Amino acid sequence: MPVWQVVLLVNLTLAVGLGLGYADWGRRADRLYQELEATRARVEQLERERAACTTGARAGEQQWEARGIVRAIFPRADLLVITHEEIRGFLPPRTTSFRASPKLRHAVRVGDAIRFSLRGAFRDATIVAIERW
Amino acid sequence: MRLFLLAASWVHLASSVLLTGAFFMLLLAGNPSERPTARRWERTIAVYSRRVLLVALGSGIACLLARTAVFEGRLEAALEPRAVWRALLDTRPGLIWLARHGLLVVLGAFLLLPADVRETRNWIAARVEPLVLGMLALALVSGSSHAAGVAPRTVLAVAVDVAHLLGSGIWIGGLVPLALLLRAASREAGADSRLYAERAVLRFSGAALATMIVLITSGSMNAFVQVGSVAGLAGTAYGHLLLAKLSVLVPVLVLAAVNRVRLLPALSRPTTTVGCPAMRSLAAFVGLEAILALVLLALVAAMTLTTPARHEQPVWPLPFRFSLDAALEGPATRWRALLGSQLVLLGTVAAIASLFVRRRRAPVLAGALVLIAVGAGGGLAPFVVDAYPTTYRRPPVTYHAASIAPGMLVYHEHCATCHGATGAGDGPSMQGRRPPADLRSPPVSRRHAGEIFWLVTHGIPERGMPGFENRLGDAERWDVINFIRALGAAGDAGRLGRVVEPERPWLVAPDFAVSVGPLAPGALRDYRGRRIVLLVFYTLPGSRPRMTQLARSYDLLWIMGVEVIAVPTDASSEAIRELGSSPPALFPVVTDGALDIVRAYRMFAPGPHAELLIDRQGYIRAIWKGDTEAMPEATVLLGQVEQLNEERNVAPFPDDHIH
């Protein structure tokens with residue numbers, strides 16, 4: 001076999017080997033990473049739904065636990081404004097207003113550090129429990 | 001073990017380089033066709049490259065074993081298959097090793113193939129393939145080099161490193177085969193291939209010039225990234241290795257220049273002797289160049305095993321350094337510097353001129369040298385300032401309220417009696433003695449932080465400044481230095497007005513932690529590049545009307561890109577409750593660690609109520625101080641914010657550390 005053909009063959013083998021290697025392992029690894037992330041998010045959501053269930057929520061509702069400081073109370077609008085830490089799977093750390101029942105609202109004062117539970121569907125969560133921190 | 005690793009790395013690097021260059025040289029020289037000496041040379045190189053390949057593989061394995069031992073921290077690990085396996089498969093350098101040696105093995109198999117290269121097509125293919133494989137293997141080296149550790153712009157750094165490696169492969173690796181060819185052709189029996197050799201050396205000379213330019217450019221880029229400063233060059237092991245490399249490079253370059261300018265033209269002169277002496281001496285010089293280049297590679301191998309200067313604290317080796325600021329200080333020194341530089345310029349012109357005149361060259365040259373010496377001696381003196389081993393040490397603590405505030409306490413306890421409460425040098429125990437220099441202004445403020453660190457650590461015994469090495473810990477000394485810098489900045493802060501000066505940021509806002517109650521804290525610097533910060537120091541009840549006003553305009557401020565951060569001057573942990581909720585103040589109120597912030601910022605803005613406008617880059621741009629009467633109306637404040645929002649030339653983020 002002439003040398004130039006051998007060279008062609010060697011380079012083709014190298015290139016094809018590299019390509020196949022990526023097509024098989026590389027792509028599979030990428031996909032596995034993505035699946036892992038998705039599964040993790042799903043597990044967290046299920047955990048929150050289970051937490052919601054054990055305290056008597058309707059199906060499809062999730063529950064988040066968070067810590068924060070009460071900044072303002074609006075009695076007529078049923079709102080509590082809370083500066084909170086990151087709420088995993090829901091909100092970054094910031095100041096947000098949440099709906100809360102009058103009973104819960106009366107239990108806290110501005111400036112209190114609290115742990116609170118949010119329950120509901122996404123974007124429509126209500127505070128269902130508050131305890132002092 | 002490290003020495004063994006170094007030796008193995010060197011041999012491996014050198015053989016990889018030689019391998020690549022050998023095939024490059026073969027290609028460059030061209031097909032020898034019917035010239036027996038050149039044919040013989042080609043066969044020699046084929047054998048030589050096979051041996052070099054074996055050496056490369058052997059030293060590669062030695063490298064792997066040595067690295068395993070160093071990695072595991074045990075000598076025996078080098079012989080444990082499992083440890084080696086782990087180093088190979090679980091580390092990035094290991095995987096790269098695998099890829100590289102895979103390529104080398106393919107290359108070896110290819111070289112063992114009996115090849116019929118009478119056809120040109122085949123001849124080229126048989127040279128190009130090993131060259132490509134060798135270059136790939138060489139280029140992969142940079143995947144586990146210091147360049148791969150550069151972030152950001154890793155890709156650029158690796159690309160530059162690859163260019164450097166390939167350039168050195170072509171140039172250094174080409175020298176040995178070239179020397180062999182020249183020697184063979186210079187002999188009496190080699191006359192048949194002299195033209196061939198001459199053509200080869202001319203082509204190589206052109207190629208080497210091009211690679212040399214690539215090498216120097218990529219090398220300087222590498223050095224800039226990995227060393228980055230004169231201090232890194234003069235004060236770290238990596239920098240010293242680089243200097244050594246340069247000092248070997250200079251004779252190599254001189255040699256190359258001599259070869260090109262003197263010996264190359266001599267080749268084509270017709271000779272009467274049977275051998276070719278010009279070619280023989282060229283062969284010797286090229287061989288010498290190759291040997292020096294191999295020494296260079298040893299230094300390179302040592303550099304790859306040394307922490308780059310950018311990760312090291314440099315130790316400045318000289319008792320002085322040059323400072324431009326120092327020379328531009330007063331009119332007298334400025335004149336001196338100007339005069340000196342002009343003398344040097346004149347001297348240089350005269351020296352160059354002396355090279356062109358034939359008669360009286362010596363006296364002209366001597367005069368020129370005297371001019372240069374006098375100019376440098378007189379003109380450089382104002383640039384010279386004292387320096388210490390720690391001059392270029394980077395402070396381990398950032399310019400942060402949590403460092404400045406403790407530094408203030410240290411200062412008042414240990415330094416104020418002499419240097420005075422404000423740093424002016426008017427402390428009580430200096431009464432009747434020569435007062436120390438003002439710590440807030442030049443020359444002290446011009447000193448590097450590392451220099452002040454040295455002075456505070458060791459003192460200046462002959463001038464009455466005690467050393468604090470045994471009385472203060474490292475961190476405390478750095479804290480007090482941060483405080484001194486804040487003192488200077490606070491002095492300058494007086495120049496900052498109640499309105500933003502457009503496009504002129506210069507006063508760095510010390511960083512601080514923003515902790516609202518027990519929540520995970522943020523920091524002032526988290527707002528960089530994102531929000532303008534209005535930092536409010538308030539005292540109740542006096543500040544109540546102003547806080548109400550701010551609470552009401554917070555929505556608007558937020559929309560304009562402003563975050564308000566309120567800090568109670570009494571550092572009360574009940575601050576949020578005390579502010580009350582009618583109207584609700586929804587901006588962050590620091591309830592934790594407020595004392596440090598208040599202490600540090602009081603230097604800039606004293607009084608029961610003060611507000612500072614900090615731009616998106618982290619510079620203080622306007623200060624309102626005094627009491628609430630002096631605070632800007634909402635419309636005025638928004639006007640200032642708008643001014644900042646309209647700025648086009650953004651300053652770079654300030655360094656987190658003082659200098």
Side-chain angles (χ1 to χ4, degrees), chain A residues 1-18 20-22 25-26 29 65-77 79-88 91-98 100 105-106 108-116 131-133, chain B residues 99 102-103 105-107 109-133 136 514-522 526 551 554-555 558 563-564 566 572-592:
Chain A
M1 196 155 66
V3 179
W4 68 271
Q5 287 178 4
V6 174
V7 164
L8 209 63
L9 213 63
V10 169
N11 288 350
L12 264 180
T13 320
L14 280 178
V16 169
L18 213 66
L20 280 184
Y22 176 72
W25 293 322
E65 308 296 327
R67 305 190 298 187
I69 290 190
V70 180
R71 301 301 302 276
I73 304 170
F74 295 105
R76 262 174 293 161
L79 285 180
L80 271 187
V81 180
I82 299 176
T83 299
H84 55 81
E85 294 179 343
E86 186 194 356
I87 308 177
R88 273 189 67 87
L91 285 174
R94 66 179 198 199
T95 303
T96 317
S97 59
F98 298 105
R105 267 188 287 117
H106 290 313
V108 293
R109 288 182 308 147
V110 168
D112 282 350
I114 55 169
R115 290 172 198 282
F116 58 103
E131 68 183 276
R132 290 286 166 82
W133 183 359
Chain B
L103 285 170
V105 167
V106 173
L107 176 53
F110 188 81
L111 289 184
L112 285 182
L113 221 64
D116 172 13
V117 294
R118 268 168 309 189
E119 222 179 315
T120 313
R121 205 164 32 172
N122 289 337
W123 186 87
I124 292 180
R127 307 285 177 279
V128 168
E129 180 65 11
L131 177 63
V132 169
L133 290 177
L136 272 181
V514 182
S515 348
V516 183
L519 305 186
D526 295 346
Y554 183 50
D555 280 351
W558 179 266
E563 175 63 293
V564 177
S572 160
S573 55
E574 295 291 306
I576 292 178
R577 194 160 291 149
E578 285 158 11
L579 266 184
S581 59
S582 45
L586 298 183
F587 38 76
V589 178
V590 177
T591 57
D592 226 26

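To find a chain, count down the sequence lines: A is the first, B the second, and so on, and within it residues start at 1. What you see is a predicted model; the values in this text were computed from it and never measured. These values consider heavy atoms only, across backbone and side chains, with no hydrogens, waters or symmetry-generated copies.
Per-residue counts of heavy-atom pairs under 4.5 Å with chain A were compared for B:Leu519, B:Ile576, B:Thr591; the largest is that of B:Leu519.
B:Pro588 touches chain A through its backbone: at least one of N, CA, C or O sits under 4.5 Å from a heavy atom, while the side chain does not. Using a 4.5 Å cut-off between heavy atoms, A:Thr95 touches chain B through its side chain atoms alone. Using a 4.5 Å cut-off between heavy atoms, B:Val106 contacts chain A through its side chain alone, with no backbone atom that close. Neither the backbone nor the side chain of B:Ile124 comes within contact range of chain A; no heavy atom of the residue lies under 4.5 Å from a heavy atom of that chain. Looking at A:Val81, only its side chain comes within 4.5 Å of chain B, counting heavy atoms on both sides. Interface remark: B:Leu133 contributes side-chain atoms only to the contact with chain A (heavy atom separation under 4.5 Å).
Between B:Pro584 and A:Arg71, the shortest heavy-atom distance links the atoms CB-O, 4.3 Å. The shortest non-hydrogen separation linking B:Gly580 to A:Val110 is O-CG1, 4.5 Å. When every heavy atom of A:Ile69 is checked against every heavy atom of B:Pro518, the shortest pair comes out as CD1-CD, 3.9 Å.
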*Check against side chain to side chain contact (heavy atoms under 4.5 Å, CB included), B:Asn122 and A:Gln5*: CA-CA 8 Å; B:Asn122 289 337; A:Gln5 287 178 4; over 6 Å; no
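Residues B:Phe110 and A:Val7 have side chains in contact (heavy-atom distance under 4.5 Å, counting atoms from C-beta outward).
Residues from residues 8-15 of chain A that place a non-hydrogen atom less than 4.5 Å from a non-hydrogen atom of chain B comprise A:Val10, A:Asn11, A:Leu14, given in numerical order.
Between the side chain of B:Arg121 and the backbone N or O of A:Val3 there is no donor-acceptor pair closer than 3.5 Å.
A distance of 7.0 Å separates OG1 in A:Thr83 from CG in B:Leu586, rounded to the nearest 0.5 Å.
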